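A short worksheet on the structure shown next.
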Amino acid sequence: MSVAISLAQPLPASSDAATAETLYHFEQTPLLARQAQQESNARSYPRRIPLALKKARGLYVEDVEGRQFIDCLAGAGTLALGHNHPVVIEAIQQVLADELPLHTLDLTTPVKDQFVQDLFGILPAALRDDAKIQFCGPTGTDAVEAALKLVRTATGRSTVLSFQGGYHGMSQGALSLMGSLAPKKPLAALLGNGVQFLPYPYDYRCPFGLGGTAGIKVNLHYLENLLNDPESGVQLPAAVIVEAVQGEGGVIPADIEWLRGVRRITEKAGVALIVDEIQSGFARTGKMFAFEHAGIVPDVVVMSKAIGGSLPLAVVVYRQWLDTWQPGAHAGTFRGNQMAMAAGSAVIRYLVEHDLCAHAQAMGERLREHLRRLQQNFPQLGDIRGRGLMLGVELVDPDSARDALGHPAACPHLAPRVQRECLKRGLILELGGRQGAVVRFLPPLVITAQQIDEVAERFARALAAAVANR
Ligand SMILES: Cc1ncc(COP(=O)(O)O)c(C=O)c1O
């Protein structure tokens, strides 16, 4: 299979990091200093990735100092085809050449119509034949907000069940669904009793201390009981919202049988199942949508990130029985980004034509294999997990006391050191999970086998340096 050969090459000025260890040093350049001085204290990525970027292509970004980095963050999983892929650039240029209105609210255009046909074309048939779509404000968070309003209106119920470790965005409604407590702490007012949290099937740290099929069985039993016990103390919710692979929560793939069980139990109870595919969608996990690994059909699918081909776009796709909200129930000025829709159509077609699902699966397996081999020498790599090209490694302290499942404690101090050592070697990775102890790999899906090997090599050197400097 050919995956955009031109993108396999670094940008022209690249150093040959495969043969010689290149170690970058990071100082406070004028751009970074001004950013720190003028931008909000809430800024996040620049604190861990202190780069001022100038140029990007495919897997590579270059900063203003002329240094090159392999980008395994890829816009937090947004850039399915990498930076500035030719089909995306061409689609955007075509919109401009055709003098399409760039701003259309939610009025239709040929580009929008084509985008909907392309998107519906990749939905599983059982959903496609029954699907409606709502265009949202351009962020994933807004699509989550829309999904909440949709299910609450249709069911007449107000509460929602969410999962520990879940991440659904940063607006105050979406935030109330989040497992992590830190961002919610200063906003006490949003912590109403409208959201009930449930244990996620985090196998390595099984919330029931069981792990494996026993943990899954208890988890499902707990949910079923909660929804059916008249004295559970929990109102029947409008919906259950879930990520089929938790991303920010630490790259935790939900067990396939568990997903099937959740679908069966929610369906029986008349509770809508919302699957948040904002990060895991569009071939990232080796299927077009991560829920497809379980062969289930959700009632609502929330999508963003890769859907806009690197431009902002977010939608909710849902089954018709939920379509009871009134005209204007969820509005927003910026729902008509034609360039994002054209780019999104280009991405969808490329994913299908180049079978990037299979490619993501194969490349993910290759990277996993590298990591497993590395694990033999580095017990700090506690758990290697994920699906397709959504992979993570939970770093642990091998000398710590074991938990109920016999696993050592997470090592949140090592993770930032590994991240920094990676950056010094020209590799951008992000952290996630509890206490930020999970190193995440989210490369563009067009990554080649050779590039996977390069990522693994740089990671191995960085890990060795981080462990040695403890
Ligand atoms: C699963 C999931 N849901 C929702 C969001 C929020 O999307 P956005 O940051 O575009 O608002 C994210 C962002 O990372 C996400 O990963």
Side-chain angles (χ1 to χ4, degrees), residues 40 42-45 48-49 72-80 134-151 160 162-180 182-184 195 197 200 202 239-254 259 273-285 287 289-291 293 298 300-317 330 332 334-335 337 340 343-344 386-392 429-433 436 438 440-442:
S40 152
R43 70 191 185 284
S44 52
Y45 292 108
R48 298 180 298 278
I49 305 170
C72 281
L73 174 55
T78 302
L79 305 167
Q134 166 74 19
F135 283 81
C136 300
T139 65
T141 301
D142 190 60
V144 170
E145 294 287 344
L148 291 181
K149 287 158 71 177
L150 175 81
V151 294
V160 176
S162 190
F163 289 93
Q164 291 169 229
Y167 185 96
H168 301 286
M170 279 288 183
S171 66
Q172 300 199 38
L175 200 54
S176 64
L177 305 169
M178 187 192 285
S180 177
K184 300 198 277 193
V195 180
F197 284 88
Y200 192 77
Y202 181 3
V240 168
I241 182 163
V242 67
E243 294 156 271
V245 181
Q246 283 190 343
E248 305 303 306
V251 199
I252 309 171
L259 281 170
L273 179 62
I274 305 173
V275 178
D276 182 341
E277 290 276 355
I278 287 172
Q279 191 167 132
S280 56
F282 300 95
R284 166 68 51 195
T285 68
K287 296 269 186 199
F289 298 100
F291 67 77
H293 289 280
V300 185
V301 185
V302 192
M303 308 175 194
S304 187
K305 292 199 192 273
I307 198 178
S310 67
L311 297 177
L313 189 63
V315 302
V316 185
V317 171
H330 193 74
F334 289 107
R335 287 178 293 152
N337 187 336
R387 288 212 169 95
L389 280 172
M390 191 168 173
L391 293 179
L429 292 174
E430 181 52 325
L431 307 179
V438 178
R440 308 190 53 197
F441 295 85
L442 272 176

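Just so you know, residue 1 is the first one in the sequence shown, and it goes up from there. Numbering of ligands and ligand atoms starts at 1, following listing order. Bear in mind that the values here come from a model prediction, so they are computed numbers and not experimental data. Side chains included, hydrogens not; waters and symmetry mates left out as well; all remaining heavy atoms used.
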Exercise for the section: Give the atoms of ligand 1, by number and element, whose distance to some non-hydrogen atom of E243 is under 4.0 Å. Expected result: 1 (C)
Practice task
Could you list which atoms of ligand 1 come closer than 4.0 Å to a heavy atom of H168?
Solution key: 3 (N), 4 (C), 5 (C)
Practice task
Calculate, to the nearest 0.5 Å, the distance between atoms OG and NE2 belonging to S280 and H293 respectively.
Solution key: 8.5 Å
Exercise for the section: Would you please indicate yes or no on a ring centroid separation below 6.0 angstrom for F291 and F289? Expected result: yes
Practice task
Quick one: look up the protein heavy atom nearest atom 14 (O) of ligand 1 and list residue, atom name and how far away it is.
Solution key: K305 NZ, 3.0 Å
Exercise for the section: If you have a sec, work out which protein heavy atom is nearest atom 16 (O) of ligand 1 and how many Å separate them, to one decimal? Expected result: Q279 NE2, 2.8 Å
Completion exercise
shortest atom 3 (N) of ligand 1-to-protein heavy-atom contact is with D276 OD2, 2.7 Å
Practice task
Would you check if the side chain of R43 reaches a backbone N or O of S40 as a donor-acceptor pair within less than 3.5 Å?
Solution key: yes
Practice task
May I ask you to say whether K305 pairs ionically with E277, meaning some side-chain N is under 4.0 Å from a carboxylate O?
Solution key: no
Problem - Protein heavy-atom partner closest to atom 10 (O) of ligand 1 - residue, atom, separation in Å - result: G140 N, 2.9 Å
Handout entry: Rounded distance [0.5 Å steps], CG in L313 versus OG in S304
Key = 6.5 Å
Exercise for the section: Could you point out which residue of Q246, E243, H168 forms a side-chain contact (heavy atoms from CB on, under 4.5 Å) with F163? Expected result: Q246
Handout entry: Closest protein heavy atom to atom 9 (O) of ligand 1, given as residue, atom name and distance to 0.1 Å
Key = T141 OG1, 4.4 Å
Problem - Which residue and heavy atom of the protein sit nearest atom 15 (C) of ligand 1, plus the separation - result: Y167 CD2, 3.7 Å
